[in-house]
Amino acid sequence: MSDTTDSRFDPAQADLRWQQAWDDAGCFHADSDSPKPKSYVLEMFPYPSGHVHMGHVRNYTMGDVLARYKRMRGFEVLHPMGWDAFGMPAENAAMEKNVHPGGWTRDNIAHMKSQLKRIGFALDWSREFATCDPEYYGHEQALFLDLFEAGLVYRKESEVNWDPVDHTVLANEQVIDGKGWRSGAVVEKRKLSQWFLKITQFADELLTGLDTLEDWPEKVRLMQENWIGKSKGLQFAFSLSDGQLVEVYSTRPDTIFGASFVAVAADHPIAQGVAADNPLAAAFIEQCKRGGTTAAELETAEKLGFDTGITAAHPLDPARALPVYIANFVLMDYGTGAVMGVPGHDQRDFEFATKYKLPIIRVVAKSAADADQPFGAAAEAGDGVIVNSGPLDGMDVAAAIAEVIARAESGQWGSGKTVWRLRDWGVSRQRYWGTPIPFIHCAACGVVPVPKDQLPVALPEDVDFSIPGNPLAHHPTWKHTKCPGCGGAANRETDTLDTFVNSSWYFLRFASQPDDQPFDRAEVEKWLPVEQYIGGIEHAILHLLYARFWTRALQHIGKLGFAEPFASLFTQGMVTHETYARRAPDDGRQTFFTPAEVDKRGEAAVLKADGFPVEIGRVIKMSKSKKNVVDPDEIVARYGADAVRWFMLSDSPPERDLPWSEAGIEGCWRFVQRLWRLLGQYDPAATGEDKSVARKTHQTIAACAEDIEALSFNKAVARIYELTAVIEKSVPSASRSEAIRSLLLLVSPMMPHLAEEVWSRTGQGGLIALAPWPHVDSALLVDDEVTIAVQHKGKLRDTLTVAKGMPGAELEALALASEKVQRSLDGAEVRKVIVVPDRLVNIVT
RNA sequence: GCUGCUGUAGCUCAGUGGUAGAGCGCAUCCUUGGUAAGGCUGAGGUCGAGAGUUCAAUUCUCUCCAGCAGCACCA
């Protein structure tokens, strides 16, 4: 019966053979001209750090299962791979190991590619590229020039976040708690001329566009919404006693009659002006600047102010003069850098007013009768009716806001304004290993774009990393060139582009890669938008917002016909592992050990080297510093690609973290072998029907399809376990053989090597990678017999097995006739019987 | 502080207005020619807590508790 003579599946033999067979057959080559419906499955491309880690394996396994499944369903699938190859680590390696960033990156790519191939991913490697390829970044330079012509690129002097360790500028979002996201160094402020992309021009579109992204996680949409940070309010000016004007912004102009002071930021011009001839004010400003910026420090920081002695006239009650303070809690870079203080209805203002004994005026109350209710220990920021506000009294908050804005506009002392938290995207980096910004600085002509026929502006190969700062800037010859305008001597721009620019359009280049332009619009539009994009939640804001912006910008200049690149987004969880450590007895510092150095004995663990116990710590994301990493190469070498792939899909829902464990991978390995034995029993000659097996088979096929389409791989896995158990317990029949064949097809996207091996040994033609998904007989999806629960006093007393659809009256009679039920009733009077057909009978006494 | 997510077997998770499930782990036993293994059987649950709606709530509603994540002097 069995054609599989080997008693065990040997991945070391099979994996490589089938990977070669797929390559030879060109199975995963995506044909842009195919008449089939198209599906673009994309995982976020990796940075070539040198090693594939478990997080990559999980990410790419998910995409791979989906891609293989889609192909089985008759789609022409684009599932590409490439390399996000520019960035700091290559330069760090260059400095530390005295290698060239390009060579280091190329070596890493070669190694990681071989690792990915060993896991058997169904990728179209013919479309592979690295963002450090001059062809790629040359096209990127061309796109950058296009955006420049469209007015979406500009240069301005701005205060920047300077990382003193990396010697580079950081975007706001790359500064975390005042420190560089990569170096961890405390960031300094510097003024530099920088290149910017006008992302703010699309702020509203990027915000409203989120509503169209129904297949994105709610969480990610919310994070982007917060990041864009739209707020509506009134911007207006106070006339000051010294003759100046100060602009303030408020989202609650309805509370304007509750204002009891004006506060400006320490670096506001008014504050600077006061400080110029008041040493006390200058000292206070210095004190503000020393204040910490971490969340914890801000939480506990006391609200502090300095009374400038200046007063501001209230625009709706000119008799009132409000004191003007310099305050440590007002930020210069949001709104106008100055606020009106309304202590009654803003917690910060409340704390400030309490400290400096300023009036706290109630202007919003539960009802008009509560107009003089005293405040408790906090401000009241909620809704209500306006009181103590002259012409606004009796209005609700929304009406009062509209009224104040209308009065400000007609009185010409202010106007309604929308303020965004989002800033333009500073893309200049003072580094070597990035896309050179294609501009030339000419003393006569100014800043001139490099003509497109001179692209790419290629990086020089000979660079010196021994001097701190930008190697491009101190290269002896590279920057010297001729001005395209006047032909005179000129200098190249030595800044390079933020690497997030590289990843803002790579998904377009995967779809179409002509030599003479970045992409062909028609071809891109055949594939895009990406049907399913999969990656880590850490890119929820930066990469995904930039890619959305870039796509919209290209649409804006007529290069694309769609606005959103990723129709559906999935953010997968991390791969985690427990940690093993010992604490030094003197200072309590932890020394961590790798899983390989440790022997687990039940709940405890000992160090192999000395046999003494180690502490088992929390289950956290695999990281080098905690040494809780498992190397995919070793695991694949021991268990083969399929067991690892299976582990990545089973147990945890894909959006949640997946705890790696030795026991887990062992279980997967055993299941691979169990399947091997079962699938080898395929016998096309068997006869006879087994309805329950047939039913289970078709139910599983239908459910697995739904699960895979919803990316609920763990559910599909659970159903495959169930079907496996059912088939194992069945006796030979045609139904059983069909079940085995279906099971083989169901597992083939997840365990492709095992599946090919069985497919070939059981004499089925061709490659299973190209076979269609099994057909579902919908007649077999419903059971024709059902089990009915019989309850009395809320407890189960008996079950009945009856034909599906039996009428309620018959069920009731059968239930009451049950011996077990009669025993439970014990002669009690039946008051009511609830019958739910095909489900249960409940007898109430 | 605000927002979101999650609480079901020892672990990781399915599931449902009506009989509480799977895999792993654990225990007993069998096999020792599928053997760095295979199999039988079994134990194990206040479905986070409380209240409400209902004949019936793990499921629906409300309140609370715990854990995780993101955001945050954003005016």
Heavy atoms from C-beta onward define the side chain here; which of [options] lies closest to that of [X]?
{"X": "A/Ser231", "options": "B/rA75, B/rG4, B/rG18", "answer": "B/rA75"}
{"X": "A/Ile834", "options": "B/rG18, B/rU35, B/rA75", "answer": "B/rG18"}
{"X": "A/Met223", "options": "B/rG70, B/rG4, B/rA75", "answer": "B/rG70"}
{"X": "A/Tyr721", "options": "B/rA75, B/rU12, B/rA22", "answer": "B/rA22"}
{"X": "A/Asn328", "options": "B/rA75, B/rC24, B/rC73", "answer": "B/rC73"}
{"X": "A/Asn714", "options": "B/rU12, B/rA14, B/rA75", "answer": "B/rA14"}

Give a yes/no answer on whether the side chain of [X] brings an N or O atom under 4.0 Å of OP1 or OP2 in [N].
{"X": "A/Tyr334", "N": "B/rA75", "answer": "yes"}
{"X": "A/Lys230", "N": "B/rC74", "answer": "no"}
{"X": "A/Arg670", "N": "B/rC24", "answer": "no"}
{"X": "A/Arg421", "N": "B/rA72", "answer": "yes"}

Discussion item. Need one value for A/Lys219: base, sugar-phosphate or nothing, where a base atom within 4.0 Å counts as base even if backbone is also close, heavy atoms only.
Written reply: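 It contacts nothing in the nucleic acid.
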
Practice prompt. Assign A/Val419 to base, sugar-phosphate, or nothing according to its heavy-atom contacts below 4.0 angstrom with the strands shown.
Written response: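 A/Val419: no heavy atom of the nucleic acid under 4.0 Å.
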
Discussion item. Counting only heavy atoms from other residues, nucleotides and ligands, does the tally under 6.0 Å from NZ of A/Lys230 exceed 12?
Written reply: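 Yes, enclosed.
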
Fill in: Residue closer to the 5' end of RNA chain B, A/Asp349 versus A/Ile537 (nearest nucleotide)
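It is A/Ile537 whose nearest nucleotide is closer to the 5' end.
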
Worksheet item: On RNA chain B, nearest-nucleotide positions of A/Gly667 versus A/Arg638: which is more 5'?
Response: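 It is A/Gly667 whose nearest nucleotide is closer to the 5' end.
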
Determine whether a donor-acceptor pair (one donor, one acceptor, N or O, separation below 3.5 Å) exists between the side chain of [X] and the base of [N].
{"X": "A/Lys303", "N": "B/rC73", "result": "yes"}
{"X": "A/Arg8", "N": "B/rG34", "result": "no"}
{"X": "A/Asn842", "N": "B/rC55", "result": "yes"}

Nearest-Å distance once atom [atom1] is located in both [N] and [M]:
{"N": "B/rG33", "M": "B/rG38", "atom1": "C1'", "answer": "12 Å"}
{"N": "B/rA56", "M": "B/rU28", "atom1": "P", "answer": "45 Å"}
{"N": "B/rC26", "M": "B/rU61", "atom1": "C1'", "answer": "40 Å"}
{"N": "B/rA22", "M": "B/rA9", "atom1": "P", "answer": "14 Å"}
{"N": "B/rA51", "M": "B/rG45", "atom1": "C1'", "answer": "23 Å"}
{"N": "B/rG17", "M": "B/rU12", "atom1": "C1'", "answer": "27 Å"}
{"N": "B/rG70", "M": "B/rU46", "atom1": "C1'", "answer": "34 Å"}
{"N": "B/rG23", "M": "B/rC40", "atom1": "P", "answer": "11 Å"}

Practice prompt. For A/Lys232 and A/Tyr249, work out which heavy atoms get closest and say how close.
Written response: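 Taking every non-hydrogen atom into account, C-OH, 3.3 Å.
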
What is the separation between atom [atom1] on [X] and atom [atom2] on [N], rounded to the nearest whole Å?
{"X": "A/Trp669", "N": "B/rC24", "atom1": "CH2", "atom2": "P", "answer": "16 Å"}
{"X": "A/Leu723", "N": "B/rG21", "atom1": "CG", "atom2": "C1'", "answer": "17 Å"}
{"X": "A/Met648", "N": "B/rC13", "atom1": "CE", "atom2": "C1'", "answer": "16 Å"}
{"X": "A/Arg719", "N": "B/rG21", "atom1": "CZ", "atom2": "P", "answer": "17 Å"}
{"X": "A/Phe9", "N": "B/rA37", "atom1": "CZ", "atom2": "P", "answer": "18 Å"}
{"X": "A/Lys696", "N": "B/rA22", "atom1": "NZ", "atom2": "P", "answer": "11 Å"}
{"X": "A/Glu218", "N": "B/rU6", "atom1": "CD", "atom2": "C1'", "answer": "16 Å"}
{"X": "A/Asn226", "N": "B/rG70", "atom1": "CG", "atom2": "P", "answer": "13 Å"}

Discussion item. For the backbone of A/Met751 and the side chain of A/Arg645, can you confirm whether one donor and one acceptor N or O come within less than 3.5 Å of each other?
Written reply: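 Checked: no pair found.
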
Worksheet item: Would you say A/Asn328's side chain and A/Leu304's backbone share a donor-acceptor pair under 3.5 angstrom?
Response: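 Present.
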
Fill in: B/rG7 glycosidic torsion: syn (within 90° of 0) vs anti
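Anti conformation here, the glycosidic angle of B/rG7 being more than 90° from 0.
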
Worksheet item: Under 4.0 Å between a Lys/Arg side-chain N and an Asp/Glu carboxylate O for A/Asp707 and A/Arg719?
Response: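 Answer for the salt bridge query: yes.
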
Practice prompt. Determine, for A/Glu722 against A/Lys696, whether the closest basic-nitrogen to carboxylate-oxygen distance falls under 4.0 angstrom.
Written response: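 A salt bridge links A/Glu722 with A/Lys696.
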
Worksheet item: For A/Asn714, which residues count as a side chain to side chain donor-acceptor pair (under 3.5 Å) partner, sequence neighbours excluded?
Response: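 Testing A/Asn714 for side chain to side chain donor-acceptor pair (under 3.5 Å), a comparison that skips the adjacent residues, returns none.
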
Worksheet item: Do the rings of A/Tyr356 and A/Tyr325 sit parallel, tilted or perpendicular, given the 30° and 60° boundaries?
Response: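 The rings of A/Tyr356 and A/Tyr325 sit tilted, inter-plane angle from 30° to 60°.
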
Item to complete: Return yes if a side-chain donor-acceptor contact under 3.5 Å exists between A/Ser650 and A/Tyr721, otherwise no.
Response: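 The criterion, which ignores hydrogens and geometry beyond distance, is not satisfied for A/Tyr721 and A/Ser650.
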
Discussion item. Are A/Phe647 and A/Trp660 an aromatic pair, judged by ring center distance below 6.0 Å?
Written reply: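 When the ring centroids of A/Trp660 and A/Phe647 are compared, they turn out to be within the sub-6.0 Å range.
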
Worksheet item: If pairs are Watson-Crick or G-U with both distances under 3.5 Å, what is the dot-bracket string of RNA chain B, marking crossing pairs with [ ] and pairs to another strand with |?
Response: (((((((..((((....[..)))).((.((.......)).)).....(((((..]....))))))))))))....

